[in-house]
Structures are given as C-alpha cells and as structure tokens.
Amino acid sequence: MVQPVGILLVSICLFYRLFSLPDKDYYPPTMDSIMKMPETEDDDCVFPFWYRNEIFYDCVNFNAKHKWCSLNKTFQGYWRYCFVSDYAKCTFPFWFRHMIYWECTEDGEMFGKKWCSLTPNYNKDKIWKYCT
C-alpha cells in the first residue's frame, strides 16, 4: 500500500511541475512585456540575478535576439539589452583544482578552448565563461 501511494504522490508533483504556469515574474522579455515595460537604457545590469529559479552571472539570451540582463536582483520584468561592458569579467587570480591561475587557461577543457572563472574559487562556485 505504501509504494503505490508514494508513486501517486510523485506523479502528482511531476504533473503539477510540468503543466503549471509559472508566475508572471519569471517570464523573459516578450513582445508583450516589451510593450508594457520597455527596455531601460539608464539603469545598470544587476549581477548575479535570479531568473526562472536559476542564478545568472552574465547576460542571457532567452526569448530575445540579443543578450539581455535584469535590472533587479530577482527578474521582475525590468531589463535591458547588454552592452559589451556589461558582460561578465574574468576574475584573476582564481583557484581551479590545485592551482591558482592568473590568466585564462585550457586546463580541464575538453575542446582546448581558453576559459576563466567568474569568481575567485572555481572549485567551490563552478561559475565560468570562455575567454574571448
């Protein structure tokens, strides 16, 4: 009896998660939100910011042709397109595995592309980007 009840509860939770609509605050900029809350060029991007229950340390490209950022710590519909100066900056030095790096590295990267950490301790935070 316990096993079927557990399966039923898990099924209900998964069904709810898959088919329920999120709050309006979690929607990315769409044509409708652009009309109601236009892009604001005067305000600064806020990093990190929460969007769709995930934290972002750089500009994102959801539902938009160009990368954008939130103007609030938790996305509330206020946003703007990113400028080159808005993109996340590498943090040097940073700790990766058992070494401290003072520049972009290829270590640990399967395709041989240079990358860097966006925080001083990559081992703990696991936040990174490719170097350009």
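Counting begins at 1 with the first residue of the sequence. Predicted, not measured: the structure shown is a model, and the values here were computed from it.
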Measure the shortest side-chain to side-chain distance between I127 and F94 over non-hydrogen atoms and say whether it is less than 4.5 angstrom.
no
Passes disulfide (SG to SG under 2.5 Å), C131 versus C104? Steps please.
CA-CA 7 Å; C131 297; C104 295; 1.9 Å; yes
Check the hydrophobic clustering (I, L, V, M, F, W, Y; side-chain heavy atoms under 4.5 Å; chains of links allowed) and say if Y78 and V46 are grouped together.
no
Determine whether the aromatic ring centres of W115 and Y101 lie less than 6.0 Å apart.
no
So if you build clusters from Ile, Leu, Val, Met, Phe, Trp, Tyr with side-chain heavy-atom gaps below 4.5 Å, do Y87 and F83 land together?
no
Can you confirm whether C59 sits close enough to F47 that some side-chain heavy atom of one is under 4.5 Å from a side-chain heavy atom of the other?
yes
Flag the pair F62 / F56 as yes when their ring centroid distance falls below 6.0 Å, and as no otherwise.
yes
Do F96 and Y122 have their ring centres less than 6.0 Å from each other?
yes
So, taking the atom named OG in S117 and the one named NZ in K124, what distance separates them when rounded to the nearest 0.5 Å?
11.0 Å
Do K129 and C90 touch side chain to side chain, with heavy atoms closer than 4.5 Å?
yes
Can you name the nearest heavy-atom pair linking I100 to P93, along with the distance?
CG2-CB, 3.5 Å
Looking at K67 and D86, is there a salt bridge between them, counting it only when a charged N and a carboxylate O are closer than 4.0 Å?
no
Indicate, with yes or no, if Y130 and L118 share a hydrophobic cluster defined by side-chain heavy-atom contacts under 4.5 Å among Ile, Leu, Val, Met, Phe, Trp and Tyr.
no
Which word best sums up how the rings of F75 and W68 line up, parallel for under 30°, tilted for 30 to 60°, or perpendicular for over 60°?
tilted
Quick one: does R80's side chain have a donor or acceptor within less than 3.5 Å of a partner on D43's backbone?
yes
Rounded distance [0.5 Å steps], OG1 in T132 versus NZ in K113:
10.5 Å
Point-to-point distance, once rounded to the nearest 0.5 Å, from CD of E103 to SG of C116:
11.0 Å
d(H66 NE2, N61 CG) to nearest 0.5 Å is 9.0 Å
Does some side-chain heavy atom of K73 sit less than 4.5 Å from a side-chain heavy atom of P48?
yes
May I ask you to check whether F49 and W79 place their ring centres under 6.0 Å from each other?
no
